[in-house]
Asker: 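Sharing a structure, written as structure tokens. Questions coming.
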Protein chains: 2
Amino acid sequence: MMKRNTIQRAMVLDAVNKLKCHATADEVYQIVVNEHPNISKGTVYRNLNQLAEMGEIRKIEVPGNADRFDHRCHDHYHARCLKCGKVFDVEMEYIQNLEKQIKDSHGFQFSGHDLMFKGVCPNCQKKEK
Amino acid sequence: MMKRNTIQRAMVLDAVNKLKCHATADEVYQIVVNEHPNISKGTVYRNLNQLAEMGEIRKIEVPGNADRFDHRCHDHYHARCLKCGKVFDVEMEYIQNLEKQIKDSHGFQFSGHDLMFKGVCPNCQKKEK
DNA sequence: TCCTTATTGATAACCTTTACTATTAAGTAA
DNA sequence: TTACTTAATAGTAAAGGTTATCAATAAGGA
């Protein structure tokens with residue numbers, strides 16, 4: 001069960017890097033389908049998840065909305081607008097070893113954490129007026 | 001547009017309190033449908049969200065899995081098992097004003113944060129062997 | 001060049017949640 | 001109590017994002 005290199009996976013990776021930040025699977029698909037019109041959406045999903053497992057890209061799961069995919073960079077946190085659902089990067093020090101602040105793990109094996117701030121983005125604040 | 005008290009909402013609230021922690025909408029529905037066999041699932045969803053808005057219960061959004069509903073208690077964090085999807089309480093000090101650690105808000109209006117640890121629960125660790 | 005099988009394209013299915021709509025019933029006022 | 005207004009309900013369909021299925025294709029090694 002060895003991993004094969006396909007042009008589809010290369011194109012998906014390219015598209016994520018081109019979109020830079022917080023692209024949805026559908027946005028990636030729209031880019032890729034331009035050059036490779038008969039690519040399947042399932043292929044895009046499969047490769048996005050594979051690339052995330054391989055550590056080439058980052059997967060940001062957003063409850064209620066579509067998951068986002070980032071080009072791989074440093075660990076960082078996100079903020080989600082409760083009005084429009086968009087996801088933004090947050091400029092804040094990443095908390096290493098946050099797991100150590102847990103008093104009793106009860107045998108749970110921790111492997112990381114997600115921190116998502118909530119609020120209203122500047123754009124949606126304008127609209128409210 | 002005033003809010004009316006219905007037996008359905010009371011039953012939904014009762015069920016969440018009975019289940020104590022991290023109940024899914026479907027689990028709540030299963031409890032309620034016992035006593036009130038013709039209740040609609042839509043009614044359960046509608047009331048769970050209303051109760052969450054009213055602050056009577058807490059809604060925990062879980063990406064990929066069904067949302068969970070807690071009886072109202074103190075702010076706390078959660079851990080999700082990557083194998084079985086179950087959600088657990090984490091014994092750790094809640095970080096008040098975590099938003100103040102953000103260097104530049106870029107006009108974003110923060111209203112809170114969710115912190116979700118990831119890992120493998122004791123039960124799923126056993127199964128792996 | 002052949003062979004094995006991982007990957008693809010196309011489509012259906014999945015699962016949670018929301019939308020729709022005629023009907024029911026909660027609260028208010030007569 | 002009775003009548004009235006309309007919020008809430010039951011039942012169902014549909015949305016939305018993602019995964020499953022499977023025959024056909026093609027990547028990489030022999």
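The chains referred to below are lettered A, B, ... by the order of the sequence lines, with proteins before strands, and numbering in each begins at 1. The figures that follow rest on heavy atoms only: side chains count, while hydrogens, waters and symmetry mates do not.
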Asker: Provide, to the nearest angstrom, the distance between the CZ atom belonging to B/F69 and the C1' atom belonging to C/dT16.
Answerer: 11 Å
Asker: Measure across B/A25 and B/V44 and return the closest heavy-atom pair with its distance rounded to 0.1 Å.
Answerer: O-CG1, 3.8 Å
Asker: Send over the distance from B/M11 CE to D/dT9 P, rounded to a whole Å.
Answerer: 12 Å
Asker: For residues 6-14 of chain A, which side-chain donor-acceptor pairs fall under 3.5 Å, sequence neighbours excluded?
Answerer:
unit_1, atom_1, unit_2, atom_2, d
A/T6, OG1, A/R9, N, 3.1
A/R9, NE, A/N47, OD1, 3.1
A/R9, NH1, A/R4, O, 2.9
A/R9, NH2, A/R4, O, 3.3

Asker: I'd like to check A/V16 versus A/L51 (side-chain heavy atoms, cut-off strictly below 4.5 Å). Are they in contact?
Answerer: no
Asker: Taking atom P of D/dG16 as reference, at what distance in whole Å does atom CD of B/E61 sit?
Answerer: 17 Å
Asker: Quick one: hydrophobic cluster around A/F110, which other residues, with the 4.5 Å side-chain cut-off, linked directly or via members?
Answerer: A/Y77, A/F88, A/V90, A/M92, A/Y94, A/I95, A/L98, A/I102, A/F108, A/L115, A/F117, B/Y77, B/F88, B/V90, B/M92, B/Y94, B/I95, B/L98, B/I102, B/F108, B/F110, B/L115, B/F117
Asker: According to salt bridge (Lys or Arg N to Asp or Glu O under 4.0 Å), does anything in residues 104-121 of chain A pair up with another residue at least two apart or in another chain? List the pairs.
Answerer: A/D114-B/K118, A/K118-B/D114
Asker: Name all pairs fulfilling the salt bridge (Lys or Arg N to Asp or Glu O under 4.0 Å) condition that reach into residues 16-25 of chain A, sequence neighbours left out, sorted by first residue then second.
Answerer: none
Asker: Within this structure, what is the CD-to-C1' distance between A/E53 and C/dT7, rounded to whole angstrom?
Answerer: 15 Å
Asker: Contact between B/C84 and B/N123 at the side-chain level, heavy atoms closer than 4.5 Å - yes or no?
Answerer: no
Asker: Is the shortest side-chain N/O distance from B/T43 to OP1 or OP2 of D/dA10 below 4.0 Å?
Answerer: yes
Asker: Would you say B/Q50's side chain and B/K3's backbone share a donor-acceptor pair under 3.5 angstrom?
Answerer: no
Asker: Using five pairs at each end of the helix from C/dT1-D/dA30 to C/dA30-D/dT1 to define an axis, what is the angle between those two axes, to 10°?
Answerer: 30°
Asker: Residues two or more places apart in sequence or in another chain: which of them pass salt bridge (Lys or Arg N to Asp or Glu O under 4.0 Å) with B/D26?
Answerer: B/K41
Asker: Is B/N65 touching bases, backbone alone, or none of the nucleic acid, heavy atoms closer than 4.0 Å?
Answerer: nothing
Asker: What does the list of N/O pairs under 3.5 Å between the protein and nucleotides 27-30 of chain C look like, with a distance for each?
Answerer:
unit_1, atom_1, unit_2, atom_2, d
C/dG27, OP1, B/N5, N, 3.0
C/dG27, OP1, B/N5, ND2, 3.4

Asker: How would you list, by chain and number, every residue that makes a side chain to side chain donor-acceptor pair (under 3.5 Å) with A/E61, sequence neighbours excluded?
Answerer: B/R80
Asker: Enumerate the residue pairs fulfilling salt bridge (Lys or Arg N to Asp or Glu O under 4.0 Å) with a member in residues 93-102 of chain B, sequence neighbours excluded, ordered by first and then second residue.
Answerer: A/K103-B/E93
Asker: Between A/F69 and A/I57, which heavy-atom pair has the shortest distance, and what is it?
Answerer: CD2-CD1, 3.8 Å
Asker: At 4.0 Å (heavy atoms only), tell me whether B/D67 reaches a base, stays on the sugar-phosphate, or touches nothing.
Answerer: sugar-phosphate
Asker: Side-chain N or O of A/Q8 less than 4.0 angstrom from OP1 or OP2 on D/dA26?
Answerer: no
Asker: Can you tell me the distance, in whole Å, between the CD1 atom of A/I7 and the C1' atom of C/dG9?
Answerer: 13 Å
Asker: List, with names and distances, any nitrogen or oxygen atoms from the protein found under 3.5 Å away from nitrogen or oxygen atoms belonging to nucleotides 18-21 of chain C.
Answerer:
unit_1, atom_1, unit_2, atom_2, d
C/dT18, OP2, B/N49, ND2, 3.2

Asker: Give the minimum heavy-atom separation between B/D70 and B/H22, together with the two atoms involved.
Answerer: OD1-N, 2.7 Å
Asker: Please identify each residue that fulfils side chain to side chain donor-acceptor pair (under 3.5 Å) with B/E91, with sequence neighbours left out.
Answerer: A/H106
Asker: Does anything in residues 26-39 of chain B reach DNA chain C, meaning a heavy atom under 4.0 Å, and if so which residues?
Answerer: none
